[in-house]
Amino acid sequence: MIDVHALVDAVCRRAAEVPGDVATVVDAELDRLAPLVTPDVRATAHERAVARLDGLDLLDQFLRDPAVDEVMVNRGTEVWVDRD
């Protein structure tokens, strides 16, 4: 079983140094580092890497969720999510 977190870390380390469209660079790094992963693992790794490099990292998942009404970050360590 592949460690998605480790894969995302490796992809981000390389992709951060490569100029160009973030999603395209992440795809190329995933092709290079993990060409045989399942489509689900690849999609998850791609989404997390792009969010880390070009978005709000872990907060992106909440901001894209249509059921989330509000995301609050308290002191930089606590994340509160208000749904429906």
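Reckoned from all heavy atoms, side chains included, excluding hydrogens, waters and symmetry mates.
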Listed partners of R83 passing salt bridge (charged side-chain N to carboxylate O under 4.0 Å, His left out), at least two apart: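 Salt bridge (charged side-chain N to carboxylate O under 4.0 Å, His left out) check on R83 returns D65.
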If you measure from [atom1] on [X] to [atom2] on [Y], what distance do you get to the nearest 0.5 Å?
X: C12; Y: D54; atom1: SG; atom2: CG; value: 11.0 Å
X: R42; Y: D31; atom1: CZ; atom2: CG; value: 4.5 Å
X: I2; Y: L36; atom1: CD1; atom2: CG; value: 9.5 Å
X: L30; Y: R14; atom1: CG; atom2: CZ; value: 12.0 Å
X: E29; Y: L7; atom1: CD; atom2: CG; value: 10.5 Å
X: R52; Y: L58; atom1: CZ; atom2: CG; value: 7.5 Å

Between [X] and [Y], which heavy-atom pair has the shortest distance, and what is it?
X: V50; Y: A23; result: CG2-CA, 4.0 Å
X: V71; Y: V68; result: CG2-CG1, 3.7 Å
X: G55; Y: D60; result: CA-OD2, 3.7 Å

Do [X] and [Y] share a hydrophobic cluster (ILVMFWY, side-chain heavy atoms under 4.5 Å, transitive)?
X: V81; Y: L56; value: yes
X: V25; Y: L53; value: no
X: L33; Y: V4; value: yes

Quick one, V79 and M72 - any side-chain contact, counting heavy atoms below 4.5 Å?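 They are not in contact (no side-chain heavy atoms under 4.5 Å apart), so the answer is no.
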Beyond-backbone contact of E78 with V73, side-chain heavy atoms, under 4.5 angstrom: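 Heavy-atom side-chain distance check fails, nothing below 4.5 Å.
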For A28, does its backbone N or O pair with a side-chain atom of R32 as donor and acceptor, under 3.5 Å?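 Here the side-chain-to-backbone pair does not exist.
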Keeping D82 on the side-chain end and E70 on the backbone end, is there a donor-acceptor pair under 3.5 Å?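 Judged by distance alone, no pair lies under 3.5 Å.
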